[in-house]
Amino acid sequence: MSLTKPRTMPGVLELLPLEQIAFQGVLDGIRRNFERFGFLPVETPVIELSEVLLTKTGGETERQVYFVQSTGSLKQGDEPELALRFDLTVPLARYVAEHEHQLQFPFRRYQMQRVYRGESAQRGRFREFYQCDIDVIGKDALSVRFDAELPAVIHGIFSELAIGPFTIQMNNRKLMRGFFERVGVTDPEQQGLVLREVDKIDKRGEAYVRDALMGEQFKLGADAVAQILAFIAQRSNGHEDAVAKLDALGGGNAMLEAGVAELKEVLAFVRALGVPEANYAINFSIARGLDYYTGTVYETTLNDHPQIGSICSGGRYENLASHYTKSKLPGVGISIGLTRLFWQLREAGLIGTASSSVQAMVALMNEADLPKYIELATQLRAAGINTEVQLEPKKLGKQFQYASKAGIRFVLVLGEDEMAKGTVSVKDMPRELQYEVARAELAKTLRVEIEQLAAMPKGLAS
RNA sequence: GUGGAUAUAGCUCAGCUGGUUAGAGCAUCGGAUUGUGAUUCCGAGGGUCGUGGGUUCAAAUCCCAUUAUCCACCCCA
């Protein structure tokens, strides 16, 4: 009999237990911050009706959507009426439109679930990945103040994750469009296309963008292109500098002035919310590819790891659910592509070796004493320490080896010597030390040790 | 969807212009007088060289096809 090679489809991330523990640590940290800022949990089904999911049919999304069909339906040759969601924003729009009358507005929701895209295989590109989204949805209108709250959440998350210094780069689409209008790109559609080209500056370089803007598609004059390139090259350094750069832009049309005013207000509130000025900046090249952004846009990057690119991005949109309801629902949101983020942090060596969620293991010294080991474990579990017991006889060396490889920190030895003395030998595997503790003090001692390690500075889930 | 590269052990790879039983490191498993791990030493298992065809006395090696994977573009988290 030939064996089937066990493998996953390309583009999925499957983790070993210790990695999974680290991953969940990140997920929990993100969730904690979302909740701390008053966002409410929502989950939506992985599968949506195709007609709901594909309202804004367009080349790219449709190409990447996985359709779902039951075998029976497939046999009858029916068109698939179900599909896997490819992001969390479209389901959110459907959700808000569907439950509009039961929700309180402004509606602040967070959602951390997997989404699916038929990407062609590539490094760091996934077909199944976690998105961690927060959005605030207003009814009819939503103050630009909410745009300032999101950087505060981002700051909370990435400070807590301790993955090094980061910068939340901000820009405003109105400001960009207004600027393009001033240099002579007046057609909104053209402006959108220019936005996309300009967004590539960091990846493709100035020469590429210049060629693109002066080329067939845009035919912009050398002067206009020079102005655009100078504009998008600007990055602020500190709060005052950011305000100064906005003032220096000048005016000229309503769009530009509105954008400048919005971004200024956002900056003021970001500071008021306590985000350190080292963690945010304006960057006039940030545009975001998606067309639905209309105002503030964000992209967060790690200062020491520019190659990772954006680790969190989002922006303001005018009307979330125009396909599902006549109500006008403006919103602002951000998304963290957690699977990719985790993958990249691991590649960059920013994720330490996780320790197991199992905190202690009771060794099996003598099979006849197994009930005593179980009793010890029960006592520790009652004290809130995750404990496993060796249930099969193995050489003691093997038991230690097992604990070491499994990432279990404490091995507890309760042999004849210890029982006679009423003590337990504790071996702290990573620290390579061993000591004896009175049985009655054991749980307390372990607690103290665990808390001490947790209090130490560390990277992700050390 | 467009263009390019690669395919040898579980993983990372070596194998020069075709020539006996295809190698290494890591990993796995066993052992070094039975109450101590990740470092050391000794030993073992594991590959029809992606698949199919062709050239040849002889193919992992050359040619063709096919499949899979990877990289870039597009797009995006």
Side-chain angles (χ1 to χ4, degrees), chain A residues 2-3 5-11 13 16 18 30 58-65 85-89 111-133 196-197 199-200 203-204 208 212 287-293 298-301 308-315 333-345 353 355 361 363-367 369 390 393-420 424-436:
Chain A
S2 72
L3 295 170
K5 185 174 184 178
R7 61 195 186 117
T8 57
M9 69 174 212
L13 183 68
L16 294 172
L18 293 188
I30 294 172
E60 206 49 42
T61 42
E62 187 140 24
R63 213 178 81 192
Q64 295 198 338
V65 164
R85 61 177 171 219
F86 52 86
D87 71 5
L88 298 178
T89 306
Q111 189 170 357
M112 311 199 298
Q113 291 189 276
R114 286 196 260 225
V115 304
Y116 299 83
R117 288 185 197 174
E119 292 274 357
S120 58
Q122 223 175 102
R123 267 179 88 73
R125 300 292 287 277
F126 294 93
R127 291 176 170 171
E128 175 187 72
F129 59 95
Y130 269 91
Q131 279 195 329
C132 305
D133 278 27
R196 289 197 165 195
E197 289 305 322
D199 198 39
K200 294 176 186 165
K203 199 169 164 191
R204 308 290 293 276
Y208 168 85
R288 313 285 312 127
L290 302 174
D291 335 303
Y292 58 76
Y293 292 126
Y298 321 89
E299 239 169 53
T300 304
T301 50
I308 286 181
S310 172
I311 57 175
C312 169
S313 52
I334 52 165
S335 177
I336 299 173
L338 182 56
T339 302
R340 183 190 202 152
L341 173 64
F342 185 85
W343 184 86
Q344 280 171 317
L345 293 178
T353 322
S355 54
M361 181 191 91
L364 177 62
M365 302 297 291
N366 178 354
E367 249 186 305
D369 288 327
Q390 282 290 311
K394 261 180 266 172
K395 285 170 106 173
L396 192 59
K398 294 282 173 208
Q399 298 187 39
F400 277 95
Q401 195 175 64
Y402 167 84
S404 172
K405 287 185 180 170
I408 300 170
R409 184 175 166 194
F410 297 109
V411 176
L412 307 176
V413 178
L414 182 58
E416 287 173 14
D417 299 349
E418 287 86 355
M419 277 195 247
V424 174
S425 287
V426 178
K427 177 144 182 174
D428 190 329
M429 302 298 286
R431 295 171 78 187
E432 300 179 43
L433 19 113
Q434 184 165 338
Y435 43 87
E436 249 179 276

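The structure presented is a predicted model; accordingly, all values stated were derived computationally and were not measured. These numbers come from the heavy atoms of this one structure, side chains and all, not from hydrogens, waters or symmetry mates. Below, chains carry the letters A, B, ... as their sequence lines are ordered, and counting in each starts from 1.
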Original post:
Is there a donor-acceptor pair closer than 3.5 Å between any side-chain N or O of A:Ser335 and the backbone N or O of A:Asp133?
Top reply: no
Subject >> Between C1' of B:A27 and CD of A:Gln401, the distance in whole Å >> reply: 13 Å
Original post:
What nucleic acid atoms does A:Lys200 come within less than 4.0 Å of, heavy atoms only: base, sugar-phosphate, or nothing?
Top reply: sugar-phosphate
Original post:
So, is A:Arg196 close to the B:C75 phosphate, meaning a side-chain N or O under 4.0 Å from OP1 or OP2?
Top reply: yes
Subject >> Whole-angstrom distance between B:G45 and B:A7, as gauged at atom P >> reply: 29 Å
Original post:
Whole-Å distance between B:C29 C1' and A:Lys394 NZ?
Top reply: 14 Å
Original post:
Yes or no on side-chain contact (heavy atoms from CB on, under 4.5 Å) for A:Asp369 and A:Leu414, after CA distance, side-chain angles and deciding distance?
Top reply: CA-CA 9 Å; A:Asp369 288 327; A:Leu414 182 58; over 6 Å; no
Original post:
What is the nucleic acid contact for A:Tyr130, judged by heavy atoms within less than 4.0 Å: base, sugar-phosphate only, or nothing?
Top reply: nothing
Original post:
With both distances under 3.5 Å as the test, what is the Watson-Crick or G-U wobble partner of B:C76?
Top reply: none
**OP:** For A:Pro10, answer base if it contacts any base atom (sugar-phosphate contacts may also be present), sugar-phosphate if it contacts only those atoms, and nothing otherwise; contact means non-hydrogen atoms under 4.0 Å.
**Re:** sugar-phosphate
**OP:** Sticking with atom P, work out how far B:G15 lies from B:U8, rounded to a whole angstrom.
**Re:** 14 Å
Give each protein N/O atom lying under 3.5 Å from an N/O atom of nucleotides 32-35 of chain B, with the pair distance.
residue: B:G35; atom: O6; partner: A:Glu416; partner atom: N; Å: 3.3
residue: B:G35; atom: O6; partner: A:Asp417; partner atom: N; Å: 3.1
residue: B:G35; atom: O6; partner: A:Asp417; partner atom: OD2; Å: 3.3
residue: B:G35; atom: O6; partner: A:Glu418; partner atom: OE1; Å: 3.4
residue: B:G35; atom: N1; partner: A:Glu418; partner atom: OE1; Å: 2.9
residue: B:G35; atom: N1; partner: A:Glu418; partner atom: OE2; Å: 3.2
residue: B:G35; atom: N2; partner: A:Glu418; partner atom: OE2; Å: 2.7

**OP:** Write down the distance between CZ (A:Arg340) and P (B:C75), rounded to a whole number of angstrom.
**Re:** 14 Å
Original post:
Who does B:C70 pair with, Watson-Crick or G-U, both distances under 3.5 Å?
Top reply: B:G4
Subject >> 5′-ward residue of the pair A:Cys312/A:Gly11 relative to RNA chain B >> reply: A:Gly11
Subject >> Any strand: nucleotide that pairs with B:G35 via Watson-Crick or wobble, under 3.5 Å >> reply: none
**OP:** Please answer whether the main-chain N or O of A:Leu364 pairs with a side-chain N or O of A:Gln399 as donor and acceptor at a distance below 3.5 Å.
**Re:** yes
Original post:
Contact class for A:Arg288 (heavy atom, under 4.0 Å): base, sugar-phosphate, or nothing?
Top reply: sugar-phosphate
Original post:
Closer to the 5' end of RNA chain B via nearest nucleotide, is it A:Tyr402 or A:Ile336?
Top reply: A:Tyr402
**OP:** Using a cut-off of strictly less than 4.0 Å, decide whether A:Arg125 has a side-chain nitrogen or oxygen near OP1 or OP2 of B:C70.
**Re:** no
Original post:
In whole Å, what is the span from the CZ atom of A:Phe129 to the C1' atom of B:C75?
Top reply: 12 Å
Subject >> Aromatic A:Phe400 / basic A:Lys427 pairing, under 6.0 angstrom, 45° off normal >> reply: yes
**OP:** Please determine, for the side chain of A:Ser313, which listed nucleotide (B:A77, B:C74, B:A38) has the closest atom?
**Re:** B:A77
Subject >> Residue matched to B:C62 through Watson-Crick or wobble contacts both under 3.5 angstrom >> reply: B:G54
**OP:** May I ask which nucleotide in the shown strands pairs with B:C26, Watson-Crick or G-U wobble, both distances under 3.5 Å?
**Re:** B:G10
Original post:
Heavy atoms under 4.0 Å, any strand shown: does A:Glu432 hit a base, just sugar-phosphate, or nothing?
Top reply: base
**OP:** Return the value, rounded to whole Å, for the distance between atom NZ of A:Lys398 and atom P of B:G37.
**Re:** 10 Å
Original post:
Rounding to the closest angstrom, what is the interatomic distance between B:A5 and B:A9 at atom C1'?
Top reply: 24 Å
Subject >> Distance, P atom - from B:C63 to B:G18, rounded to whole angstrom >> reply: 10 Å
**OP:** Return the value, rounded to whole Å, for the distance between atom CZ of A:Phe410 and atom C1' of B:U36.
**Re:** 16 Å
Subject >> Considering all heavy atoms, the nearest A:Ala363-A:Leu396 contact >> reply: CB-CD1, 4.0 Å
Original post:
Does CD in A:Glu416 sit with more than 12 non-hydrogen atoms of other residues, nucleotides or ligands closer than 6.0 Å?
Top reply: no
**OP:** Would you indicate, yes or no, if B:U28 has its OP1 or OP2 atom less than 4.0 angstrom from a side-chain nitrogen or oxygen of A:Lys405?
**Re:** yes
Original post:
Is it true that a side-chain atom of A:Arg85 and a backbone atom of A:Val115 form a donor plus acceptor pair closer than 3.5 Å?
Top reply: no
Subject >> Value in whole Å for how far the P atom of B:C75 lies from CZ of A:Arg117 >> reply: 14 Å
Subject >> Distance, nearest 0.5 Å, that separates OG1 of A:Thr300 from CD1 of A:Ile308 >> reply: 13.0 Å
Original post:
Considering only the C1' atoms, how many Å lie between B:U48 and B:A60, rounded to the nearest integer?
Top reply: 12 Å
Subject >> Interatomic distance at P, B:C26 relative to B:U61, whole Å >> reply: 29 Å
Subject >> Any donor-acceptor pair under 3.5 Å from A:Glu299 side chain to A:Arg288 backbone >> reply: no
**OP:** Report the distance from atom OH of A:Tyr208 to atom C1' of B:A72, rounded to the nearest whole Å.
**Re:** 13 Å
**OP:** Counting Watson-Crick and G-U wobble pairs only, both distances under 3.5 Å, name the nucleotide matched with B:C16, or none.
**Re:** none
**OP:** Can you see which heavy atom on A:Glu436 is nearest to which on A:Glu418, and at what distance?
**Re:** OE2-CG, 4.3 Å
**OP:** Could you work out the separation of B:G47 and B:A24 based on their P atoms and round it to a whole Å?
**Re:** 15 Å
Original post:
B:C73 and B:U66: how far apart are their P atoms, nearest whole angstrom?
Top reply: 27 Å
